[in-house]
Amino acid sequence: MTELTELTAVRLLDGYRKGEWGPVEATRAALERAEAVQPEVNAFVRLTAEEALEQARESEERWRRGEPRGLLDGVPVTVKDILLQRGAPTLRGSRAVDPAGRWDEDAPSVARLREHGAVFIGKTTTPEFGWKGVTDSPLSGITRNPCDPSRTAGGSSGGSAAAVALGAGPLSLGTDGGGSVRIPASFCGIFALKPTYGRVPLYPASAFGTLAHVGPMTRDAADAALLMDVIGHPDSRDWSALSAPAGPYTDGLAGGVRGLRVAYSPSLGGQVAVQPAVARAVRRAVERLAELGAYVTETDPDLTDPVEAFHTLWFSGAARVTQHLGPHQRELLDPGLREICARGARYSALEYLAAVDVRMDLGRRMGRFHDTYDLLVTPTMPLTAFEAGAEVPKGSGHRRWTGWTPFTYPFNMTQQPAASVPVGTDADGLPIGLQLVAARHRDDLVLRAAHALYEARVASAARVRPYGS
C-alpha cells in the first residue's frame, strides 16, 4: 500500500493525473500525520483541517474535470508563521503580537501557492521573529527533532523542517536570514534552498533587510525546483524582487554535474571545527560528485569569518522589529531576543555602515571566486542536532547561535543561492547536511547538482519514526 505521507509533491501530482489517489485522500493523510506528531514534536502553531479539506475537495473536482488550476493543485503545504497567510493570524512566535486583526492578505509566495491550487494545512513554528537558529519561543514552546525528540529541530524554520520530514505535507515555505532554512534542513534530513536574494519576493519587507530570503523546504531537489517555478516570480509589493527567471527550474534538473567546476572546502580553511561523522559524510558525497563527472578541487574561498559584521546587521534588525513595543510587551519577549535588541539599539549609523562595507567586500570576493568555480561545497552544519531548548550546544563555549553556524550566515551577506542536501547520518542516526553554494542568480546550478545527488542515491530524506501512529 502506498503511504501518501512519504511521497514527494511530484509523485502526488502524478498520482492525481493517473487517478491513483486524489487531493482529499492526500490532505487527510497529511492532516492525520500532523495531528499525530504534534504532541511530541510541536511543529505547528495551528492546523486548519476544515479549510484544508474544503480546498482539497475543490481541487479534486478540478482534477475530475481535467482542469487543474496550476502546478501544485491539491498538494498539501505548510507555511512558516513569519509569512502572511489570508485568514490566519501571523503571530511570528511572539506573545507581543495581537492575534486579533483582519489578516486579509497573503505574502507574495503564499499568494502564488494559492493561485496554483495548493492546499494549506497549517502554520509552522518559529522562534520569536525568527531571531535564532533553533526553534523555541515563549508563544509555542520547543519544536523537537523528528529523528530524536530530545534534540532540536534547528531553526528558525524548524517547524517547517519537522513537518516535511514527518510527512505532514511534502512542501513548506520557510525564511532564511542567517541559515534558517538550511540549519533545520540539515538537522532534520530534508532539502532546503535559500534562493538568490530577490528571486522569491518578500512582503512585508523584513526588518532584517536584504539578509532575509524566502525559500522552499521539501523532501528532495525536484520538489524544490517545482516550488520555485511557482514562487520565484516578481510581485509589485517587493521593490527589490528580481524579474522572472529565463525558464522553469524543473527543465534544468537533468543536466547533471559533468564538467562543473566544484570547490570543496571542508572547514573554510581550518576556521571551523567539524565533527568527524559530518566531515566523512560530506567528503563521501563530494567524491561521488567527482565520479559523476564534476571537476573537484579541495580549496577554500577567500573568506574570513564576518560574524561581527553579521551581528551588527542582525541585532540592529532585531532592535528595529521590536522598536514599537511598549515596556509590558518587551517583558513578554524571549530573554535572548531582548538582549540582542538592546545591543542592536546601541550601534551607531557609522558602525552599521562599516558592517555594510564588510558585506560588500565579502560579496566581491565570492564573486571573484565563482569566476573560477561553478559551485562551492561545504558541510551545512559542523555538527548534528544537539539538545532541544538550548540556543547553543552544552559545553560549546558559544554565546549566540552564530557560534555554531559558520557555514550559513556568510551567504546571506553575499545574497548567493545556497542549499542543504541530506547526505547521511551519524552514529546516533542524526542527519547530516551538505551545502551547495553558487554565484548569485545561478539557483539552477544548485538545484541541478542537488538533483544529481538524489538521482545517484547519495542524498535521501531522513528515515524518521512515525510518532503517534
Side-chain angles (χ1 to χ4, degrees), residues 42 45 80-82 91-98 125-143 152-159 175-180 183-184 187 206-212 305-356 358-359 381-383 385-406 408-410 412-413:
N42 188 34
V45 178
K80 182 181 181 181
D81 200 36
I82 289 286
L91 302 181
R92 307 174 78 187
S94 182
R95 294 182 295 170
V97 176
D98 186 353
T125 52
T126 176
E128 198 161 20
F129 301 110
W131 80 272
K132 59 184 175 180
V134 293
T135 301
D136 59 73
S137 75
L139 178 70
S140 54
I142 298 169
T143 296
T152 180
S156 63
S157 305
T175 63
D176 189 317
S180 290
I183 296 166
F187 281 0
S206 172
F208 297 108
T210 57
L211 294 172
D305 189 356
V307 67
E308 290 306 321
F310 179 81
H311 281 169
T312 301
L313 301 170
W314 192 253
F315 297 172
S316 297
R320 176 62 176 163
V321 81
T322 58
Q323 186 178 30
H324 67 286
L325 300 179
H328 172 68
Q329 290 171 304
R330 287 183 178 276
E331 285 300 311
L332 300 175
L333 297 178
D334 181 326
L337 176 59
R338 279 205 307 271
E339 185 178 319
I340 71 161
C341 288
R343 184 171 164 186
R346 293 194 295 269
Y347 289 123
S348 70
L350 288 178
E351 287 172 312
Y352 188 92
L353 290 173
V356 172
V358 170
R359 182 182 189 182
M381 302 300 303
L383 74 173
F386 53 88
E387 61 270 23
E391 183 186 344
V392 301
K394 190 179 298 182
S396 67
H398 298 308
R399 174 71 180 129
R400 295 263 77 104
W401 62 272
T402 44
W404 50 269
T405 60
T408 58
Y409 57 78
N412 291 81
M413 297 180 77

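Values in this document were obtained by computation on a predicted structure and should not be read as measured data.
- Remark: the backbone N or O of Ala385 is not paired with any side-chain donor or acceptor of Thr152 at under 3.5 angstrom.
- Heavy-atom minimum distance, Pro393 versus Ser396: O-OG, 2.8 Å.
- Aromatic pair Tyr409/Trp314: ring centres not closer than 6.0 Å.
- None of Ser137, Ser140, Pro138 except one satisfies the side chain to side chain contact (heavy atoms under 4.5 Å, CB included) rule with Arg95; the exception is Pro138.
- A distance-only check finds a donor-acceptor pair linking the side chain of Ser157 to the backbone of Ser180 [under 3.5 Å].
- Remark: Glu387 engages no residue in a salt bridge (Lys or Arg N to Asp or Glu O under 4.0 Å) (not counting sequence neighbours).
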Original post:
Do Lys80 and Ser156 pass the side chain to side chain contact (heavy atoms under 4.5 Å, CB included) test, and can you show the C-alpha distance, the side-chain angles, and the key distance before you say yes or no?
Top reply: CA-CA 9 Å; Lys80 182 181 181 181; Ser156 63; 2.6 Å; yes
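- With rounding to the nearest 0.5 angstrom, the NE2 atom of His324 is 6.0 Å from the CD atom of Gln329.
- Note that the CG atom of Asp136 and the OG1 atom of Thr143 stand 8.0 Å from one another [nearest 0.5 Å].
- Atom CD1 of Ile82 and atom OG1 of Thr126 lie 4.0 Å apart (nearest 0.5 Å).
- Of the possible polar contacts, none joining the Thr312 side chain to the Tyr352 backbone as a donor-acceptor pair under 3.5 Å is found.
- Contact annotation: the side chain of Leu332 never approaches that of Leu325 to less than 4.5 Å [non-hydrogen atoms, C-beta and beyond].
- With Trp404 contributing its side chain and Met381 its backbone, the two residues share no donor-acceptor pair below 3.5 Å.
- Under a 4.0 Å N-O distance rule, the pair Arg330/Glu128 does not qualify as a salt bridge.
- Across all their heavy atoms, Gly155 and Ile183 have their closest contact at O-CB, 3.5 Å.
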Subject >> side chain to side chain contact (heavy atoms under 4.5 Å, CB included) between Lys132 and Asp334, worked out >> reply: CA-CA 11 Å; Lys132 59 184 175 180; Asp334 181 326; 3.1 Å; yes
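- The distance from the CG atom of Leu313 to the CG atom of Leu211 is 5.5 Å, given to the nearest 0.5 Å.
- The two residues Gly154 and Pro184 make their nearest non-hydrogen contact at C-CB, 3.9 Å.
- Legend: residues meeting side chain to side chain donor-acceptor pair (under 3.5 Å) with Arg320, ordered by chain and number and at least two apart, are Gln323.
- Rounded to the nearest 0.5 angstrom, Arg400 CZ and Phe315 CZ are separated by 6.0 Å.
- Nearest heavy-atom pair, Thr125 versus Thr135, reported as atom, atom and distance to 0.1 Å: OG1-CG2, 3.6 Å.
- Annotation for Cys341 and Ala319: closest pair O-CB, 3.5 Å, computed over non-hydrogen atoms.
- Of all heavy-atom pairs between Phe386 and Val392, the closest is CE1-C, 3.8 Å.
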**OP:** Report the C-alpha separation of Val134 and Phe187 in whole Å, then their side-chain angles, then the decisive distance to 0.1 Å, and conclude whether the side chain to side chain contact (heavy atoms under 4.5 Å, CB included) test is met.
**Re:** CA-CA 10 Å; Val134 293; Phe187 281 0; 5.6 Å; no
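- With rounding to the nearest 0.5 Å, the separation of CG in Asp305 from OG1 in Thr402 is 8.5 Å.
- Looking only at distances, no side-chain donor or acceptor of Glu331 sits under 3.5 Å from a matching main-chain atom of His328.
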